[in-house]
Protein chains: 2
Amino acid sequence: MRLASLREGPDGPLVKLSADGRRMARAGTTLQHALDDWDRWEPKLRHLVPDKPAGRLGAVLPRAFQFLDGSAYVNHVELVRRARGAEMPERFWTDPLMYQGCSTFLSPNAPIEGDATWGIDCEAEVAVITGPVPMGADEAEAAHAIRLVTILNDVSLRNLVPDELGKGFGFVQSKPPSALAPVAVTPDALPGWDGARLHGTMHVEVNGLALGRADAGHDMTFGFPALIAHAARTRALPAGTVIGSGTVSNRDPDGPGRPVADGGRGYSCIAEQRMVETILGGEARTPFLEVGDRVRIWMGDEVAPPFGVIDQKVVAAPG
Amino acid sequence: MRLASLREGPDGPLVKLSADGRRMARAGTTLQHALDDWDRWEPKLRHLVPDKPAGRLGAVLPRAFQFLDGSAYVNHVELVRRARGAEMPERFWTDPLMYQGCSTFLSPNAPIEGDATWGIDCEAEVAVITGPVPMGADEAEAAHAIRLVTILNDVSLRNLVPDELGKGFGFVQSKPPSALAPVAVTPDALPGWDGARLHGTMHVEVNGLALGRADAGHDMTFGFPALIAHAARTRALPAGTVIGSGTVSNRDPDGPGRPVADGGRGYSCIAEQRMVETILGGEARTPFLEVGDRVRIWMGDEVAPPFGVIDQKVVAAPG
């Protein structure tokens, strides 16, 4: 089952989409309300027949009550550290990195408002949307609470990161709202979903050129149930919590992944390409995003991508 | 005008309270919806006459879309550092500390579920609830967006903090949901509100003994407009954003504040009392909270506290 929210009002009316995404049926509620009472809503949604032309879609969940973003592709984390000459603590392979992110989401076609001096970057991630998760849930309970799978672009302002991390309280200004895909899909309708990870190609394109074609099912050290259980250790998670995978990142058998242009799987953010350039050649060559640049992110087949396409242009920040 | 939410359903019906808090009128919406369309709702709410006996109140905004918690009483930050022998960077006096917190809130009487090994602590804070704030807003625009003022208990798990800060991504497990007061008040109805800070006594009581009686209007280095502008530098804030002050903390002319028992204004969290004990006597003597302990937090007059009372007991975590 493929769900979306129309771009109307702050939360957007929930619709069910046909398999090809061309037709829809209105559910008469919002995604948040459906998730609040899923046992009642899920069978209703399953019975809906999408028979109207699809409308204009916004973020599938424009306002969530929590967004907890992991960094589950530890290869990415290790590259970040190597590029600045730091060792990665061994426990990062067993204890997930996670931060509390901004839980209001941009529409998939909304501009990224920024200033080129901020070092604007994309991060293509897989995300799940949960039902309620009790505090202290184990991985089996966590897996059971996964309602929907989608993707997002975790917009990151690289040049603001060092100052914020130096303050010790995590990201605020350096992690503005992410763009959420227009479509979320129930796990049963995703052949690549194995209960913990989504297998398939994460396409990232900058100005029409392929930046990344990583396999999201590879090299994901922590699956979603582990990330959810980590988030729920000391709190109950409300229905509609969004859990992000962190930047999808693959490694080669002999080191960091190669660029797409060199036959590799490339990168799901510009920073990773820059890190590999720094490690291999001593300096980063690929610039971050500038006003006018365009980022497109989708999974799988471009003709019928299961989550639709995130397609954003960078525009100058107000003021 | 004093607003509250009944403890019914996930968001709770909005009510307007009488000045003494004994009577209410139902608004026919939720606080979030009223904030989404404040220009339409504010006059309606102002005309309501609270004439029914007040019902059972939950958190005034049980589920917010964002909670950004400052650390505006820099005295508190300096003591944290001094207690562990570290210097505080000079820029902390000009660049606010802030983290992205858990934006679902406990009811004011909900138990704090925890494990004594976690080092459970309270933090009494002032908070404001905003209307929409555009990205890049300056302090004047930020001040204009403050809709309501309230207080909260930022529950903190001190023994989980060092590991999380060591990972560099800020607080997740060490900052479980805060408890939000039952009542929020419009600025015009708060004589102690000066447009940026709330003057008045923040009472914190542990097991019936006074821990703190700090003046929330003193020693607050950054006012709320500065905190909101900091939060909005790279993002628009949605209506209903909660901005926290950080632990209220006063200093004496000659150093850290003295305990209430010694005639001082005391502390708004146990950690600060422990830091002062460490600085003055070499070791912390006051224990963190244990199962069965009770914390009460209110401002002003205990007979008619403007935001009601946060009154929580510590219970054993599930599992």
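Labels below follow one simple rule: chain letters A, B, ... track the order of the sequence lines, proteins then strands, and each chain is numbered from 1. Heavy-atom basis, side chains included; hydrogens, waters and symmetry copies ignored.
- A donor-acceptor distance shorter than 3.5 angstrom exists from the side chain of A:Arg235 to the backbone of B:Lys175, with no hydrogens or angles considered.
- Most heavy-atom pairs under 4.5 Å with chain A: of the set B:Ser71, B:Gly170, B:Gly166, B:Gly136, this distinction falls to B:Gly170.
- Checking B:Thr104 against A:Gln66 by side-chain atom types alone, a donor-acceptor pair falls below 3.5 Å.
- Heavy-atom distances place no part of A:Leu237 under 4.5 Å from chain B, backbone and side chain included.
- Residues A:Arg91 and B:Asp163 are in side-chain contact: their nearest non-hydrogen atoms beyond the backbone lie under 4.5 Å apart.
- Salt-bridge check for A:Arg233 with B:Asp115: failed, with every basic side-chain N at 4.0 Å or more from each acidic carboxylate O.
- Among the candidates A:Pro89, A:Ala236, A:Gly101, the residue making the largest number of heavy-atom pairs closer than 4.5 Å to chain B is A:Gly101.
- Ring-plane geometry between B:Tyr99 and A:Phe169 is classed as perpendicular, the angle between the planes exceeding 60 degrees on a 0 to 90 degree scale with a lower cut at 30.
- With respect to A:Val172, the side-chain contact (heavy atoms from CB on, under 4.5 Å) criterion is satisfied by exactly one of B:Asp69, B:Leu97, B:Thr234, B:Leu68: B:Leu68.
- For the set B:Ala317, B:Gly168, B:Ala64, B:Pro177, the count of heavy-atom pairs under 4.5 angstrom toward chain A peaks at B:Ala64.
- In terms of modelled atom types and a separation under 3.5 Å, the side chain of B:Lys167 and the main chain of A:Pro96 share a donor-acceptor contact.
- Interface remark: A:Phe92 contributes side-chain atoms only to the contact with chain B (heavy atom separation under 4.5 Å).
- For A:Pro62, no part sits under 4.5 Å from any heavy atom of chain B, backbone or side chain.
- When A:Leu165, A:Leu157, A:Asp95 are compared by the number of non-hydrogen pairs under 4.5 Å with chain B, A:Asp95 comes out ahead.
- Using a 4.5 Å cut-off between heavy atoms, A:Leu160 touches chain B through its side chain atoms alone.
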